[in-house]
Amino acid sequence: MEINSLSLLVRVLTSMRAYDEAQKTINKISSRAKQLQAQLVLWSSQRKWADIRTAGEAALRSDFSTDPHVSAALHLLLSRAAWQQALSTANQLDEDAEVLPFSGLPGLDGEAATRAWHHALECLRLHKQLGWPANVELLAPVATAVAGATGKQVEALGLLSEAATERPEYRELQENVEILAVGAGQLKVALEANLRQPGGHAVLARRASIAFQNKDYEASLTAALSALTSLGGPTYQTPMAFAMGAAAAAKLSRSADREKLLAQLKSVPAYQEYEALSEFATAAVVPGISQDPLGILRDGVSKFPNSKVLVGNLLSNLPTDDSDAAREAVSLAIKLRQHMVLSLADHTRLLNAHLVLEEWLDAEIETRAAIIRFGPTHSLQSMLAVALEMQGKTAQAKAALEQAIELGSGRLSTLRNYLGICLRLGRLSEARNAIQRLLASETSREERLELLRLNALVLSQLELVDDAMDVVRDIGKLVNGDVETEEGMYLVLHQVVTLNQQGIARQEWDAFQQRVARFVDQWPKSTIFRAVKEPANVVQSVDELHDFLDEVIGGDSRARMQEFNKREDDLRKGRLPVPYAMRPTYALHYIGDVFTLWHVGKKSSHDDAQLHLPMHASSEELATQVRRDVPLLDITALLVLQDLELLPVLLSLFGRIAISRRTVNYISNHSRGALVNAIARSQAMGLLKFINSNLEHIDQPSSSRQSIQTITPQELVQDYIALGKEGRWVVYCDDATTRVYLAHENTRLKVFNTLALLELSDREGRLTELEIARHLAQLSQWNVGIAVSVRYLLASLTGAVDDGEQISAIERLERFRHHEPFASLARAIWHPRKDVADLVAHMAVVISEALRDERSNEDSVAALWAFWLMRCKVMFQLSLDFFQDMQPYCLILALIRLPTGAEERLVHAALKAVELSTESDRMSQGLEDQFLERLGMKLAAMGIKKSASVEDVRSRLATVLPRGTHRGDIFEAAYYASLSRGTTDKGGD
């Protein structure tokens, strides 16, 4: 008894704010449990919420928790403390508001609110166990407020309504149950709780509104009229009661009562906004009274823009299925959020609006916020999945859909979306499970047919052929044989599935043939399914073959073949720039997909340009500052990177990449199917494996919201161009023609390809120069059009001659001829299609770069130079004079690039190269003299046009070829003689 008296005294002292005396009293309490409870009461009065949390949670972990009375008291105090902490960050209550909004104030601390709900729920469970003690009255307001703010009103109502039934005398409990029930949409429970309370003005006002929502218009009007004359002043519910009562009176055709209630609204300025609400409610229950009920609310909001009740009701009743209404919903939500946080219903409406407006990021942000506040419901997870998928975040979308299904979502849209992702990623077992769930749902006949078709194909690809045939038989029974699309689908499916089945019962096969004959007879020109009779005799001429093909394709095969041949010829000769991935079926009739084109092109001859991938574009500037960007890869980049085994390097550099959804679909379609060739299937399966293994790091954006089953090469390119020109990604495309199209659409795009990736890998230390040279050589061997920088060309010679190995220059030349990757790179950069002047200029750069390195071997430089000279001679079938002119020009251009002091090494290397180019290891005196003469002559010819720079070259060469030496005299004589002749000729002209 003494302990209870001391605990009571503490409460009295804290209410008087005699905190010191209260603390002294607490210290006198001998029971640890009672002392702790009293201490928490004192801290509550002092608003020491953090102290309450620390001490209370520690106590719950101790032996105090074994006593349900003590544990309930601790949870009660912790819930109240956490709720106060949640409110501490929230906006201030509006001046005209009497109570907190049921959904909570803006700025509420969500983590603290969730904690408050946890303790409130535990306290409710303990109170139920204890038979609903009086403390439930203290808990009810907190539990109700927290439940409303966290969207847990249904769960809270389940316990509190039981308490209200057991304890009808607890008035505050009844009022809070009423509030909770309205928030949960359980109006019958709300009315029951309301009727348990004494009938004062506030109770009657709330009853009028609840009864109207419950469509008990007589009770609503009676309560509203009673509120007019009841004791107690007006409350925040009063104008709502009069508005709903007036609408009820209109429904009951009691005009006098309606006017009486409307007069009350008009007489008080603060109530006038409710006139519009009453008019809207009247339009909702009295047919034909208004053609535009929402227009009434809009007019009201226009007149009273700060009216929470009008804005809230307009948002709650606004459909968001079109863009105009969706934009209005977003605007209304912004207004409403100035006063309160949104309820789950309004939050869901806002999410729908963002989805309708295709504001995917906003939808994702809002959905994640709703999940944090209300918990992961299947509806929110489904909406999150849509927002994520439309941003290309497929891995996250798939996870969200899986959670939605796990939470019990039977929504067809959720299952369809999940099925679409599984099929795109080639996850056939998961797709099969999704199909089974959809088949178990109520679907239309047309949708069921499509699901069965997909089921048969999936089972066939899983090599469950007997199961697939069972499904095909079911489809055969379900389709309407008089509908071309249905019967044709069945026949095609039967053919596809039976390709993998050994032996079909004769009776079944005969029945199938009868259906084929009937179909062909009924629809002879069908594009879905067509039967063609094999020629009676062997086709013996091209004309006979074309006649047969005309019947198969239903058109003029000769004209189509001529068109294909012309396109291919124009493509080969560079007259028709067709994006690489579009070439199959457009310019190359014999290749059906880009996978096969890539395979064939790698093994084709150098002359088959129509089959080759042009990676490099000479006039193009590739992006270099890209590490913070996300590259959008097209199919050509994926094929190149896969075969070079560089996909892991790409991910290590960027961390995140993007592959369009349509590209992934295209890959997936070619990874399976009876009619896909083995080459395409193997490459597609490899890419699909990479995508699935790195799903978290791969975005899958889409240029269209339409779901497309079959994707042509043209659609694949068009989709990539549409996405690329948006400028959201670095355009990573290994087809120069596609990049040209993109640059035409958007000149500010960052463009990138595998050549740029190799250079980036070099700068970032992910690949060595030799590794890059080997990759470049491989691309060259695959007939890919590339550009090779000098450093990688020189690096490709690594290993041709061992360090310290003493061999002659001619032996070095022989090693270089057969050394990979150098030999392949040489073919890639020194080819017959290149202009001779460009070849000379390029070689001058190569020689100057090689000689800049003081460690370079002169014999190796000479061997490299000779290799180039001999290749040029063979490529161009040059005359002897022209061939002999190339070396002097190359030397002069190289010297211009080299620093002073490199002249001797350059001249020695040049002379040795001339010697080697004759395939001799000894220079004849005549050959050397001839070279020096031509060097002097060509320098003089250049000097006539650019005398200043050439004179500098002459003076530098004179340091190596000085006057008075045999070499120097020959060079000088030729130089001045040519200069004199050139000047005389110029003067005569």
Side-chain angles (χ1 to χ4, degrees), residues 769-770 773 790-819 822-823 825-826 830 839-873 883-884 886-925 927-932 934-936 938-939 953 956-962 965-968 970-971:
E769 291 180 357
L770 179 57
V790 172
R791 66 181 303 191
Y792 302 131
L793 177 65
L794 296 176
S796 71
L797 289 166
T798 303
V801 179
D802 294 335
D803 292 340
E805 187 177 4
Q806 299 298 318
I807 59 174
S808 67
I810 197 165
E811 287 177 300
R812 292 172 189 269
L813 172 60
E814 192 61 25
R815 295 267 187 98
F816 291 175
R817 280 174 171 169
H818 304 289
H819 181 67
F822 170 73
L825 289 184
W830 301 327
L839 284 169
V840 171
H842 180 263
M843 193 58 194
V845 175
V846 173
I847 295 302
S848 63
E849 289 301 311
L851 289 172
R852 279 180 189 275
D853 186 350
E854 294 181 357
R855 298 168 300 175
S856 61
N857 182 284
E858 283 184 24
D859 282 351
S860 288
V861 176
L864 174 61
W865 209 335
F867 179 96
W868 172 78
L869 280 167
M870 296 167 73
R871 179 164 176 77
C872 288
K873 184 178 181 180
F883 172 68
Q884 291 176 339
M886 293 178 71
Q887 183 74 330
Y889 276 127
C890 191
L891 184 151
I892 294 165
L893 293 175
L895 184 59
I896 292 171
R897 296 178 58 87
L898 282 167
T900 302
E903 296 84 4
E904 185 173 1
R905 296 184 76 211
L906 175 65
V907 172
H908 287 174
L911 289 171
K912 178 63 73 173
V914 172
E915 172 188 316
L916 294 174
S917 67
T918 64
E919 300 194 62
S920 169
D921 59 356
R922 296 190 62 186
M923 170 81 87
S924 69
Q925 190 61 54
L927 188 60
E928 179 179 296
D929 292 350
Q930 189 177 48
F931 170 73
L932 294 172
R934 286 187 177 272
L935 177 61
K938 298 310 169 189
L939 184 61
V953 172
R956 291 177 65 186
L957 285 172
T959 63
V960 184
L961 305 170
T965 65
H966 179 75
R967 288 178 174 176
I970 290 176
F971 166 71

Shortest non-hydrogen pair, Ser917 vs Val914, comes out as OG-O, 2.7 Å
Under the salt bridge (charged side-chain N to carboxylate O under 4.0 Å, His left out) test, which residues partner Asp853, sequence neighbours left out? Arg855
Could you list the donor-acceptor pairs under 3.5 angstrom formed by side chains in residues 859-870, with sequence neighbours left out?
residue	atom	partner	partner atom	Å
Ser860	OG	Arg812	NH1	2.8
Trp865	NE1	Gln887	OE1	2.5

What donor-acceptor contacts under 3.5 angstrom involve side-chain atoms of residues 892-905, with partners at least two apart or in another chain?
residue	atom	partner	partner atom	Å
Arg897	NE	Ser848	OG	3.1
Glu903	OE1	Gly901	N	2.9
Glu903	OE2	Gly901	N	3.4
Glu903	OE2	Arg956	NE	2.7
Glu903	OE2	Arg956	NH2	3.0
Arg905	NH1	Leu851	O	3.2
Arg905	NH2	Ser856	O	2.5
Arg905	NH2	Ser856	OG	3.0

Are any non-hydrogen side-chain atoms of Val907 and Leu935 less than 4.5 angstrom apart? no
Between the main-chain N or O of Thr798 and the side-chain N or O of His819, is there a donor-acceptor pair closer than 3.5 Å? yes
Check side-chain hydrogen bond (donor to acceptor under 3.5 Å, both in side chains) between His966 and all other residues, then give those that pass, not counting sequence neighbours. Gln925, Asp929
Within this structure, what is the CG-CZ distance for the pair Leu932 and Phe971, rounded to the nearest 0.5 Å? 8.5 Å
Least distance between heavy atoms, Ala795 atom then Leu770 atom: O-CD1, 3.5 Å
Closest heavy-atom pair and its distance - Trp830, His842: NE1-ND1, 3.2 Å
Once side-chain hydrogen bond (donor to acceptor under 3.5 Å, both in side chains) is applied, do any residues pair with Arg967, and if so which ones, sequence neighbours excluded? Glu928
Got a sec, which residues hit salt bridge (charged side-chain N to carboxylate O under 4.0 Å, His left out) with Arg815, two or more places apart in sequence or on another chain? Glu805
Please round to the nearest 0.5 Å and tell me the distance separating atom SG of Cys872 and atom CG of Leu839. 5.0 Å
If you round to the nearest 0.5 Å, how far is CD of Glu814 from OG of Ser808? 10.0 Å
Asn857/Val801 under side-chain contact (heavy atoms from CB on, under 4.5 Å): CA gap, chis, key distance, verdict: CA-CA 11 Å; Asn857 182 284; Val801 179; over 6 Å; no
Arg817/Leu813 under side-chain contact (heavy atoms from CB on, under 4.5 Å): CA gap, chis, key distance, verdict: CA-CA 6 Å; Arg817 280 174 171 169; Leu813 172 60; 4.3 Å; yes
Please report the shortest heavy-atom distance between Ala910 and Leu891, naming the atom on each side. CB-CD1, 3.3 Å
